[in-house]
Asker: 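If you scroll down you'll find the structure; I have some questions about it.
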Amino acid sequence: MIAARRLLRVRETPAMSTTPLRWGIAGTGGIATAMATALHTITDTHTIETVAVGSRSEESAAAFAERHGIERAHGSYEALWADPDVDVIYVASPHSHHHAMTIAALEAGKHVVCEKAFALNAAEAREMVATAERNDRFLMEAMWSWFMPAWHDIRARVVDGDIGKIITIDANFAIDVPNPEGRHRRIDLAGGALLDLGIYPLALARFLLGEPCDVRALANLTDQGVDATLGAVLGYEGAIAVLTTSLEATSDLTATIVGTDGRIDIEAPFWFPQKYTLRRDVQRRDNHPDVEPEHHVHPNRGLVHEAEHAIERIRAGERQSDIVTWEATIAGMTLMDEIRRQVGVVYPSEC
Ligand SMILES: NC(=O)c1ccc[n+]([C@@H]2O[C@H](COP(=O)([O-])OP(=O)(O)OC[C@H]3O[C@@H](n4cnc5c(N)ncnc54)[C@H](OP(=O)(O)O)[C@@H]3O)[C@@H](O)[C@H]2O)c1
C-alpha cells in the first residue's frame, strides 16, 4: 500500500507541478532546428524550457545553442544523456542512430521523443520500448502527421460515413534528393525513400484503415543499395492503398481517399495539410446532381501538435502516447521490414 502510494505520488507530481519540463535536443540538423523553434513557440502555454543541445561537435552544439537561446551546449551525446537538468530528450539524428541514442537516453532516466523512422526495424523498436518500460520512462515516435488536426477531422468524417466505405487510398511523397553524400542516400545512415518519405503515405493508410493484411512492393535501388524509388500496394478487406515514394524527382505530394459515396482530396503537403476537399457522390446515392465540393481548412502548427501531446502525456505520468502507441510504432516498423524484405534493402547492421 505504501509502495502503491509512493508510485502514485511520483506519477501525480509532474501533472500538478509548475516546475518546467526541461527538454534537451539530440542533433543539430534540419528537424532539430524545427523542433527548437516549435518548443520555443509553446513556452507561453506549457511550462517547459529547452535547456540543452547535444552534438558530435562542440562547435555545432555551441552554434545551435546560440541560435536558439539554449543554455547548455554539449559537445557529445553522452554529455547530454548525463545532464541531470534534462527531463526529456528529442532524438533528431539519422535513422541509423535512433536505437542506440534512445536506449542510452532512457537508461540515463530521460523521457524520449524519437524522430521517425523510429528505428531500423521492428526488432530495434521492441528493444527501445522494452527499455522505456524497464526504466519507467515516456517514449514516443515523432510521427507528427498523426497529430495534424486535418488528419483527425478526415478520420472523423470517414468514421461518420461521409464518403461511404473506403475503396482506395492513393498517396505520393517523392522529392528530388540528388546529393549522394546526404543521409537520404547513404546506406550506413539507413537512407532510402521508404524510411524517410514513404513512411508518410503508409502512415496515412494506417491512420485511416489500420494495419493491412497484405503488402506487395517494388523498388529501384541505388548503387549503395537504398531504395531510390518505391511503390507499395497495401491490401485491406475491401480496400487497397497505393503508395509511391522516391528520391529521384518531385511528385505532387497529395493524397486521395476514394469511398463508395464520395472522395477526399488532401492538398499538398498531405502529411501536414491545412486544406482538404470533400466531394459527396450524391448523384449515385440519391439520384441528384453532384454537390459543390466542401473545402475544409485547419490550423497546422507543425511540430507543435506532437510536442504538446508528449508534454501532456508526460505531465500526466503516462509512459506512451495514446495516438502513436508503442503497438502502432512496432506495427509500422514490421510493415516496413516486410516491404524492405520484398525489395531487398538491407542495412549494414542487419547483415
Ligand atoms: N518530422 C519531420 O517532418 C521530419 C523532417 C525531416 C526529417 N525528419 C527525421 O528527422 C531525423 C533527422 O533528419 P534531419 O533532416 O534533421 O537530418 P540532418 O539535417 O542530416 O541532421 C541530422 C543530425 O543528426 C546528427 N548526427 C548524429 N550522428 C550522426 C551521423 N553519424 N551522421 C550524420 N548526422 C549525425 C547530426 O548532428 P551533429 O552533427 O550535431 O551531431 C545532424 O545534424 C530523421 O529521422 C528524419 O527522418 C523528420
Asker: List the steps, then state whether side-chain hydrogen bond (donor to acceptor under 3.5 Å, both in side chains) holds for His46 with Glu312.
Answerer: CA-CA 9 Å; His46 291 73; Glu312 281 154 20; 3.2 Å; yes
Asker: Minimum heavy-atom separation for Arg313 and Phe138, please, with both atom names.
Answerer: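 For Arg313 and Phe138, the tightest heavy-atom pair comes out as CB-CE1, 3.5 Å.
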Asker: Does the ring centre of His152 sit less than 6.0 Å away from the ring centre of Phe207?
Answerer: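 They qualify: ring centres under 6.0 Å apart.
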Asker: Mind running salt bridge (charged side-chain N to carboxylate O under 4.0 Å, His left out) on Glu211 and Arg206 for me, showing each step along the way?
Answerer: CA-CA 6 Å; Glu211 301 308 325; Arg206 296 174 53 239; 3.0 Å; yes
Asker: Sort out for me which residue in Leu106, Thr329, Thr131 forms a side-chain contact (heavy atoms from CB on, under 4.5 Å) with Leu139.
Answerer: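 Single side-chain contact (heavy atoms from CB on, under 4.5 Å) partner of Leu139 among Leu106, Thr329, Thr131: Leu106.
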Asker: Can you tell me how the ring of Tyr200 sits relative to the ring of Trp144, calling it parallel under 30°, perpendicular over 60° and tilted otherwise?
Answerer: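 Aromatic pair Tyr200/Trp144 classed perpendicular.
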Asker: First locate atom CG of Leu195, then atom CG of Leu189, and finally report the distance between them rounded to the nearest 0.5 Å.
Answerer: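 If I round to the nearest 0.5 Å, the distance is 12.0 Å.
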Asker: With the 4.5 Å side-chain cut-off for hydrophobic clustering, are Val242 and Leu202 part of the same group?
Answerer: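 Hydrophobic grouping puts Val242 apart from Leu202.
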Asker: Could you go step by step and tell me if Asn179 and Arg185 meet the side-chain contact (heavy atoms from CB on, under 4.5 Å) rule?
Answerer: CA-CA 7 Å; Asn179 177 10; Arg185 286 178 176 267; over 6 Å; no
Asker: Please tell me whether Thr277 and His296 have a donor and an acceptor in their side chains that are separated by less than 3.5 angstrom.
Answerer: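 No - no donor-acceptor pair under 3.5 Å links their side chains.
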Asker: Filter on side-chain hydrogen bond (donor to acceptor under 3.5 Å, both in side chains), then keep only pairs touching residues 165-177, sequence neighbours left out; what's left?
Answerer: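 Qualifying pairs, neighbours excluded: Asn172-Ser251, Asn172-Asp252.
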Asker: side-chain contact (heavy atoms from CB on, under 4.5 Å) with His95: which of Glu115, Glu124, Arg183?
Answerer: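 The side-chain contact (heavy atoms from CB on, under 4.5 Å) with His95 is passed solely by Arg183 among Glu115, Glu124, Arg183.
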Asker: Indicate if Met333 and Val343 have the same hydrophobic cluster label, given that clusters are the connected sets of ILVMFWY residues with side-chain heavy-atom separations under 4.5 angstrom.
Answerer: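 In one cluster: yes.
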Asker: Return yes if a side-chain donor-acceptor contact under 3.5 Å exists between His111 and Asp87, otherwise no.
Answerer: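 Short answer, no.
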Asker: Are Leu209 and Ile167 linked, directly or through intermediate hydrophobic residues, by side-chain heavy-atom contacts shorter than 4.5 Å (ILVMFWY only)?
Answerer: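 The answer is no; the residues belong to distinct hydrophobic clusters.
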Asker: Mind running side-chain contact (heavy atoms from CB on, under 4.5 Å) on Met128 and Ile103 for me, showing each step along the way?
Answerer: CA-CA 6 Å; Met128 292 154 76; Ile103 286 185; 4.1 Å; yes
Asker: Under 3.5 Å, is there a donor-acceptor pair linking the side chains of Asp153 and Tyr276?
Answerer: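 Checked: Asp153/Tyr276 side chains pair up, N/O donor to acceptor below 3.5 Å.
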Asker: Honestly curious: do Phe270 and Phe272 fall in one hydrophobic cluster under the side-chain, below-4.5 Å linking rule?
Answerer: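 Yes, one cluster joins them.
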Asker: Evaluate the salt bridge (charged side-chain N to carboxylate O under 4.0 Å, His left out) criterion for residues Glu71 and Arg22: first the C-alpha distance (whole Å), next the side-chain angles of each, then the deciding distance (0.1 Å), finally the verdict.
Answerer: CA-CA 11 Å; Glu71 217 172 276; Arg22 299 159 304 176; over 6 Å; no
Asker: Given salt bridge (charged side-chain N to carboxylate O under 4.0 Å, His left out), test Asp281 with Arg263 step by step and report yes or no.
Answerer: CA-CA 8 Å; Asp281 191 355; Arg263 79 167 204 258; over 6 Å; no
Asker: With side-chain hydrogen bond (donor to acceptor under 3.5 Å, both in side chains) as the criterion, how do His68 and Thr50 come out once you've worked through the C-alpha distance, each side chain's angles and the decisive distance to 0.1 Å?
Answerer: CA-CA 9 Å; His68 297 285; Thr50 308; over 6 Å; no
Asker: Is there a salt bridge (charged side-chain N to carboxylate O under 4.0 Å, His left out) between Glu308 and Arg301? Walk through the geometry before answering.
Answerer: CA-CA 11 Å; Glu308 286 182 334; Arg301 293 157 66 225; 3.1 Å; yes
Asker: In Å, rounded to the nearest 0.5 Å, how long is the span from SG of Cys114 to CD of Glu141?
Answerer: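 Those atoms lie 8.0 Å apart.
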Asker: Can you list the steps and then say if Ile31 with Leu303 is a side-chain contact (heavy atoms from CB on, under 4.5 Å)?
Answerer: CA-CA 9 Å; Ile31 204 66; Leu303 301 183; 4.0 Å; yes
Asker: Calculate, to the nearest 0.5 Å, the distance between atoms CG and CG belonging to Asp265 and Leu278 respectively.
Answerer: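 Between Asp265 CG and Leu278 CG, I get 9.0 Å after rounding to 0.5 Å.
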Asker: Applying ring pair (Phe, Tyr, Trp, His ring centres under 6.0 Å), name anything that partners Tyr90, two or more places apart in sequence or on another chain.
Answerer: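 Listed in chain order: nothing, the list is empty.
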Asker: Taking NZ, NE, NH1 and NH2 as the nitrogens, is one of them in Glu350 or Arg340 under 4.0 Å from a carboxylate oxygen of the other?
Answerer: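 Salt bridge between Glu350 and Arg340, a charged N being under 4.0 Å from a carboxylate O: yes.
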